[in-house]
Student: 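A single structure is presented below for examination.
Everything quoted here is computed from the prediction, not taken from an experiment.
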Amino acid sequence: MRVHILQHVPFEGIGCMGSWLDSRDAELGYTRFYESAELPDVRGIDLVIIMGGPMNVPDETTHPWLVAEKKFVREAIDQGVAVLGVCLGAQLIADVMGARIFPNEFKEVGWLPIEAVDGGEDSFAFPERMMAFHWHGDTFDLPVGALRLARSEGCENQAFQLGKNVIGLQFHLETTMETTELMIENCPDDLANGRYVQSVDAMRKATAVNDNLANRLVYAILDYLTIKLGQEPEVSRVAGHKKF
């Protein structure tokens, strides 16, 4: 399985997804936009993972590589490549599929509950309610034809699916203790008081409690997106998640 990862800043990497990729003997390629904006030919790629970042989707003047990245993401979707977008990655998917990206009423930072939305038989199923790690101020409208999969009290569109090959997550299921510390260290300005902004101490304690379930769920999502490649599922059931 050939996987290409789009990484926007050094401190927002793939977290626990590295273990899943190792278990699949995946051939990994990276575009680290903070080093180089070189992108591969999308042909032959089985899975694209688009990570988060502090920049915003419209920031093409300050981050001109966004233009080429958006073109690459749209081409991958159009060619049926499996695509997983995380936070900024989900916003980029929504943008290239014609949806609006805009500031959310509330900033969400820390471990906050999300609730499943039933997208129907043909969609990925989230647990009815679970804790997920958030770090975002923007949100998106759903692209035309997308199925909403999850919501939260502070943000209606938390996850969506397009067809069988594309899932966008506004939150971070790949979170580990290490990635939590990196976010705290690199994004201190986002920790100002807010209705849905968790304290650093609470965030650290919540990571220790919640990261295992979150990680297992992202493994299940990766299984779901790549099952057509003949990969054996690593996780078949996660807290109410239907078996694939």
Student: Would you say Leu6 and Leu39 make side-chain contact, with heavy atoms under 4.5 Å?
Tutor: yes
Student: Any side-chain heavy atom of Val144 within less than 4.5 Å of one from Met97?
Tutor: no
Student: Rounded at 0.5 Å granularity, tell me how far OG1 in Thr31 sits from CZ in Phe33.
Tutor: 5.0 Å
Student: So does Arg74 pair up with Asp78, basic N to acidic O under 4.0 Å?
Tutor: yes
Student: Determine the sole option in Glu153, Glu105, His134 for which the side chain to side chain donor-acceptor pair (under 3.5 Å) test with Tyr196 is passed.
Tutor: Glu153
Student: Check Pro10 against Tyr34 and note the closest heavy-atom contact, atom names and distance.
Tutor: N-CE2, 3.5 Å
Student: Pair Leu112, Ser152 - check side-chain contact (heavy atoms from CB on, under 4.5 Å), show working.
Tutor: CA-CA 8 Å; Leu112 301 163; Ser152 72; over 6 Å; no
Student: When rounded to the nearest 0.5 angstrom, what is the spacing between CG in Leu147 and CG in Leu142?
Tutor: 9.0 Å
Student: Can you name the one residue among Leu88, Thr139, Ile114 that meets side chain to side chain contact (heavy atoms under 4.5 Å, CB included) with Gln170?
Tutor: Thr139
Student: How about CD on Glu27, more than 12 heavy atoms from neighbouring residues, nucleotides or ligands closer than 6.0 Å, or not?
Tutor: no
Student: Is the closest side-chain heavy-atom distance between Leu92 and Glu69 below 4.5 Å?
Tutor: yes
Student: Any side-chain heavy atom of Val57 sitting closer than 4.5 Å to one from Asp138?
Tutor: no
Student: Please tell me if the side chains of Ile184 and Met203 come closer than 4.5 Å, counting only heavy atoms from C-beta onward.
Tutor: yes
Student: For the pair Tyr224 and Gln161, evaluate side chain to side chain donor-acceptor pair (under 3.5 Å) and give the outcome as yes or no after the intermediate values.
Tutor: CA-CA 11 Å; Tyr224 178 85; Gln161 177 175 333; 2.8 Å; yes
Student: Between Glu108 and Gln158, is any side-chain donor less than 3.5 angstrom from a side-chain acceptor?
Tutor: yes
Student: Does some side-chain heavy atom of Thr226 sit less than 4.5 Å from a side-chain heavy atom of Met1?
Tutor: yes
Student: If Ile, Leu, Val, Met, Phe, Trp and Tyr residues are connected whenever their side-chain heavy atoms lie under 4.5 Å apart, and connections chain through other members, are Val197 and Trp135 in the same group?
Tutor: yes
Student: Salt-bridge test for Arg100 and Asp141: reply yes if a basic N is under 4.0 Å from a carboxylate O, no otherwise.
Tutor: yes
Student: Answer whether the closest heavy-atom distance between the side chains of Arg32 and His8 falls below 4.5 Å.
Tutor: no
Student: Taking Asn56 for its side chain and Pro58 for its backbone only, find out whether a donor-acceptor pair lies under 3.5 Å.
Tutor: no
Student: I want to check something: taking the side chain as every heavy atom from C-beta on, are Glu156 and Phe140 in contact at a cut-off of under 4.5 Å?
Tutor: no
Student: Using a strict cut-off of less than 4.0 Å between a Lys/Arg side-chain nitrogen and an Asp/Glu carboxylate oxygen, indicate whether Arg24 and Asp223 qualify as a salt bridge.
Tutor: yes
Student: Rounded to the nearest 0.5 Å, what separation is found between the NE2 atom of His4 and the CZ atom of Arg2?
Tutor: 8.0 Å
Student: For a quick test of reading the model, state the closest non-hydrogen atom pair linking Glu12 to Met51 and the distance between them.
Tutor: O-CB, 3.7 Å
Student: Any chance CD of Gln79 has more than 12 other-residue heavy atoms, nucleotides or ligands included, within less than 6.0 Å?
Tutor: yes
Student: Glu35 and Tyr30: side-chain donor and acceptor closer than 3.5 Å?
Tutor: no
Student: Is the closest side-chain donor-acceptor distance between Thr180 and Thr175 under 3.5 Å?
Tutor: no
Student: Could you measure the distance from the CD atom of Gln91 to the CG atom of Leu169? Nearest 0.5 Å is fine.
Tutor: 12.0 Å
Student: Would you call the rings of Phe126 and Phe171 parallel, tilted or perpendicular, taking 30° and 60° as the class edges?
Tutor: perpendicular
Student: Show your reasoning for whether side-chain contact (heavy atoms from CB on, under 4.5 Å) applies to Leu47 and Leu222.
Tutor: CA-CA 9 Å; Leu47 170 66; Leu222 290 167; 4.0 Å; yes
Student: Do Val83 and Ile49 sit in the same hydrophobic cluster, where Ile, Leu, Val, Met, Phe, Trp and Tyr count as joined when their side-chain heavy atoms come under 4.5 Å apart?
Tutor: no
Student: Could you report the tightest heavy-atom contact between Asn104 and His136, atom names first, then the distance?
Tutor: ND2-CE1, 4.4 Å
Student: Would Asn215 and Leu173 count as a side-chain contact (heavy atoms from CB on, under 4.5 Å) here? Give the steps.
Tutor: CA-CA 6 Å; Asn215 294 172; Leu173 297 176; 5.8 Å; no
Student: Can you name the closest pair of heavy atoms from Pro143 and Ala94 and give their distance?
Tutor: CG-CA, 3.8 Å
Student: Without swapping roles, check the side chain of Asp59 against the backbone of Met55 for a donor-acceptor pair under 3.5 Å.
Tutor: no
Student: Do the side chains of Val81 and Val166 join up, straight or via other hydrophobic residues, at under 4.5 Å, putting them in one cluster?
Tutor: yes
Student: Between Trp111 and His172, does the ring centroid distance fall short of 6.0 Å?
Tutor: no
Student: Looking at Glu178, I want to see if its CD is surrounded by more than 12 non-hydrogen atoms of other residues, nucleotides or ligands under 6.0 Å.
Tutor: no
Student: So how far is it from Asp22 CG to Leu28 CG, rounded to the nearest 0.5 Å?
Tutor: 7.0 Å
Student: Could you grab the distance from atom CD1 of Ile93 to atom CZ of Phe160, nearest 0.5 Å is fine?
Tutor: 5.0 Å
Student: Would Met131 and Val117 show up in the same hydrophobic cluster when neighbours are defined by side-chain heavy atoms closer than 4.5 Å?
Tutor: no
Student: Take Val42 and Phe72 through the test side-chain contact (heavy atoms from CB on, under 4.5 Å) and record every step on the way to the result.
Tutor: CA-CA 7 Å; Val42 75; Phe72 177 84; 4.0 Å; yes
Student: To check you understand the geometry: which heavy-atom pair defines the closest contact between Lys107 and Asp189, and what is its length?
Tutor: NZ-O, 4.4 Å
Student: Check Pro127 against Ala116 and note the closest heavy-atom contact, atom names and distance.
Tutor: O-CB, 3.2 Å
Student: Spell out, yes or no, whether Leu84 and Leu217 are grouped together once hydrophobic residues are joined by side-chain heavy atoms under 4.5 Å, including indirect joins.
Tutor: yes
